[in-house]
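What's counted below: heavy atoms across the whole structure, side chains too, no hydrogens, waters or symmetry copies. Sequence positions, counted from 1, serve as the residue numbers for this chain.
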Amino acid sequence: MRILIMGGTRFIGVYLTKILVSQGHEVVLFNRGNKPSPVEGIKQIHGDRTDSQQLQEKLSGETFDVIFDNNGRQLSDTQPLADLFNGQVKHFVYMSSAGVYLKSDQMPHIEGDPTDPKSRHLGKYETETYLQKVGIPWTSIRPTYIYGPQNYNPLESWFFDRIVAKRPIPVPGNGMHITQLGHVEDLANAMVAVLGNQTAIGQIYNISGDRFVTFDGLAKACAIAAGQSPDDLQLIHYDPKKFDFGKRKAFPLRVQHFFADVHKAINQLNWQPKYDLISGLKDSFQNDYIINSNQGEVDFSTDDEIIKAAA
């Protein structure tokens with residue numbers, strides 16, 4: 001198939017591109033051209049997707065069987081693309097987020113749970129609603145936290161920084177908040193599993209790891225991945241409401257229970273996560289963090305403020 005990927009050179013798209021090319025698909029990337037292609041020789045179209053006129057000019061002469069929209073955040077990002085190819089593509093796969101779910105006392109989140117009208121991911125839910133409304137053959141993917149080599153969000157690296165430096169790890173609350181991480185390669189494989197699957201048309205899938213973990217448990221898992229004993233960790237629990245961090249981010253995860261059931265994807269997409277949490281974190285530590293560990297000094301000043309208050 002001829003497949004368009006919006007983005008394709010940063011994180012998820014790198015894995016997705018490599019898998020699709022290895023399967024023999026013709027992949028075209030649309031991006032700003034700031035990063036090299038993950039696979040040599042494939043076509044790239046450079047442009048700004050937020051400029052609908054530019055999008056029209058660059059893509060109106062192209063034909064695709066499938067579109068993966070990996071980086072549409074607002075409806076205004078995706079609507080011009082969907083309108084341009086509605087009636088032409090066999091499948092439009094949209095990267096949404098489990099962050100659209102309304103905070104709930106009943107967990108894990110399942111597809112169909114209420115969404116949060118105040119979520120910073122509201123634009124993704126509005127995009128899902130639009131895709132359904134216009135009748136394009138769509139599927140939406142809702143990951144929780146994504147990790148793995150090339151992660152540009154300081155998620156697992158936040159823990160690795162403190163573990164490698166043998167520093168205390170400040171954890172908000174009592175460390176028992178439950179969260180969920182999914183490896184980027186597993187996410188990309190789930191996206192590929194959507195292709196040619198008629199059951200997936202018009203469906204939403206939570207995608208992540210198939211186990212959940214507490215904040216303290218995640219810190220310990222990161223220690224194991226980094227080759228250290230979790231028993232040597234010094235975890236500092238604190239009440240984040242007693243601090244005014246301003247725009248500083250004191251912890252890389254939202255301080256709430258946040259995890260989703262992935263059995264719908266397992267059952268309907270014939271997909272299964274390849275990585276458990278430890279093996280996935282080892283992959284990230286060995287094949288990314290260690291290699292890129294000389295990227296400047298880490299600012300621990302917010303940590304120090306918390307640790308000082310806890311002393």
Side-chain angles (χ1 to χ4, degrees), residues 11 73 97-109 114-124 143-148 151-182 208-209 212-226 228-260 277 281 284-285 288-289 292-311:
F11 186 33
R73 293 184 176 275
S97 169
V100 302
Y101 290 119
L102 183 67
K103 191 175 179 180
S104 175
D105 292 328
Q106 297 187 46
M107 301 291 286
H109 290 302
T115 56
D116 183 359
K118 296 180 181 178
S119 167
R120 68 184 182 91
H121 299 290
L122 179 63
K124 289 186 175 292
T144 53
Y145 291 111
I146 311 165
Y147 75 108
N151 190 3
Y152 51 84
N153 289 317
L155 178 53
E156 66 269 41
S157 64
W158 185 93
F159 290 93
F160 292 151
D161 284 339
R162 286 147 183 83
I163 290 163
V164 169
K166 298 192 180 303
R167 289 181 55 92
I169 301 179
V171 178
N174 62 4
M176 291 296 107
H177 283 97
I178 300 171
T179 193
Q180 181 185 30
L181 277 66
S208 192
F212 315 132
V213 65
T214 63
F215 285 174
D216 281 3
L218 177 55
K220 293 173 183 177
C222 286
I224 293 169
Q228 297 191 24
S229 170
D231 297 331
D232 294 337
L233 289 183
Q234 184 183 358
L235 302 175
I236 305 289
H237 297 124
Y238 67 96
D239 182 355
K241 293 179 181 178
K242 293 183 178 180
F243 295 86
D244 182 10
F245 296 122
K247 292 185 178 180
R248 292 175 296 163
K249 198 168 184 179
F251 192 68
L253 305 164
R254 61 190 75 193
V255 186
Q256 66 182 71
H257 294 311
F258 181 60
F259 52 101
L277 186 59
L281 288 170
S284 193
F285 184 77
D288 189 21
Y289 185 82
N292 300 304
S293 60
N294 57 349
Q295 293 187 347
E297 194 171 332
V298 180
D299 181 3
F300 293 119
S301 59
T302 303
D303 289 30
D304 290 337
E305 183 181 334
I306 296 168
I307 294 164
K308 183 179 179 182

Participant: Taking all non-hydrogen atoms of both residues into account, name the closest pair between H109 and L102 and its distance.
Facilitator: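 Looks like CE1-O, 3.3 Å.
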Participant: Do you know the tightest heavy-atom contact between V171 and F215?
Facilitator: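 For V171 versus F215, the nearest heavy atoms are CG1-CB, 3.7 Å.
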Participant: Could you measure the distance from the CD atom of E156 to the OH atom of Y147? Nearest 0.5 Å is fine.
Facilitator: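 Between atom CD of E156 and atom OH of Y147 there are 8.0 Å.
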Participant: Give, for atom CD of E305 and atom CG of D244, the distance between the pair rounded to the nearest 0.5 Å.
Facilitator: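 Answer rounded to 0.5 Å: 8.5 Å.
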Participant: Would you indicate whether the side-chain heavy atoms of I169 and W158 approach each other to under 4.5 Å?
Facilitator: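 Contact flag for W158/I169 side chains = yes.
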Participant: Can you tell me how far the CE atom of M176 sits from the NE2 atom of H237, to the nearest 0.5 Å?
Facilitator: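 The distance works out to 6.5 Å.
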Participant: Relative to the ring of F212, is the ring of F259 parallel (under 30°), tilted (30 to 60°) or perpendicular (over 60°)?
Facilitator: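 Tilted: the ring planes of F259 and F212 meet at 30° to 60°.
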Participant: Does a side-chain heavy-atom distance below 4.5 Å link F258 with L253?
Facilitator: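 They are not in side-chain contact.
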Participant: Test side-chain contact (heavy atoms from CB on, under 4.5 Å) on S284 and Y289; report intermediate values, then the result.
Facilitator: CA-CA 6 Å; S284 193; Y289 185 82; 5.7 Å; no
Participant: Is any side-chain heavy atom of F245 closer than 4.5 Å to a side-chain heavy atom of F251?
Facilitator: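 No, their side chains stay 4.5 Å or more apart.
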Participant: For S104 and Q106, work out which heavy atoms get closest and say how close.
Facilitator: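 Looking at all heavy atoms of both residues, the shortest contact is OG-N, 2.9 Å.
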Participant: When rounded to the nearest 0.5 angstrom, what is the spacing between OG1 in T115 and OH in Y101?
Facilitator: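 The OG1 atom of T115 sits 9.5 Å away from the OH atom of Y101.
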Participant: Measure the acute angle between the ring planes of H177 and H257, then classify it against the limits of 30° and 60° as parallel, tilted or perpendicular.
Facilitator: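 Ring orientation, 0 to 90° scale: tilted.
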Participant: For residues F285 and V164, determine if any side-chain heavy atom of one lies less than 4.5 Å from a side-chain heavy atom of the other.
Facilitator: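 The answer is yes, as the side chains (C-beta and beyond) meet within the 4.5 Å cut-off.
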Participant: Where the side chain of N292 meets the backbone of D288, is there a donor-acceptor pair that is under 3.5 Å apart?
Facilitator: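 Checked: pair present.
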Participant: Can you find a heavy atom in the side chain of L181 that is under 4.5 Å from one in the side chain of L277?
Facilitator: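 SC-SC contact between L181 and L277 confirmed.
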Participant: Are any of the side-chain heavy atoms of Y238 and P172 separated by less than 4.5 Å?
Facilitator: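 Yes - at least one pair of side-chain heavy atoms lies under 4.5 Å apart.
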Participant: With a 4.5 Å limit on heavy-atom distance, are the side chains of I163 and Q228 in contact?
Facilitator: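 Yes, at least one pair of side-chain atoms sits under 4.5 Å.
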Participant: Of all the heavy-atom pairs spanning V213 and G217, show the shortest one and how long it is.
Facilitator: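 Looks like CG2-C, 3.5 Å.
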Participant: If only atom types and distance count, is the side chain of N153 paired as donor or acceptor with the main-chain N or O of L155 below 3.5 Å?
Facilitator: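 Answer holds: no.
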Participant: Does the side chain of R167 reach to within under 4.5 Å of the side chain of D304, using non-hydrogen atoms?
Facilitator: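 In short, these two side chains touch, coming nearer than 4.5 Å.
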Participant: May I ask you to decide if G99's main-chain N or O and S119's side chain share a donor-acceptor pair within less than 3.5 Å?
Facilitator: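 Yes, because the side chain of S119 sits within donor-acceptor range (under 3.5 Å) of the backbone of G99.
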Participant: How far does CZ of R73 sit from CG of L122, to the nearest 0.5 angstrom?
Facilitator: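 Taking CZ in R73 and CG in L122, the distance rounds to 14.0 Å.
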Participant: Would you mind checking if D303 and R248 are paired as a salt bridge, meaning a charged N to carboxylate O distance below 4.0 Å?
Facilitator: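 No, R248 and D303 are not salt-bridged.
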Participant: Where is the tightest heavy-atom contact between S208 and Y145, given as atom of each residue plus distance?
Facilitator: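 So the minimum-distance heavy-atom pair works out to OG-O, 4.5 Å.
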Participant: Evaluate the side-chain hydrogen bond (donor to acceptor under 3.5 Å, both in side chains) criterion for residues D216 and T214: first the C-alpha distance (whole Å), next the side-chain angles of each, then the deciding distance (0.1 Å), finally the verdict.
Facilitator: CA-CA 5 Å; D216 281 3; T214 63; 5.9 Å; no
Participant: Measure the OG-NZ distance between S97 and K124 for me, rounded to the nearest 0.5 Å.
Facilitator: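 Result: 6.5 Å between the selected atoms.
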Participant: Taking all non-hydrogen atoms of both residues into account, name the closest pair between G173 and P240 and its distance.
Facilitator: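 Residues G173 and P240, closest heavy atoms: N-CD, 4.1 Å.
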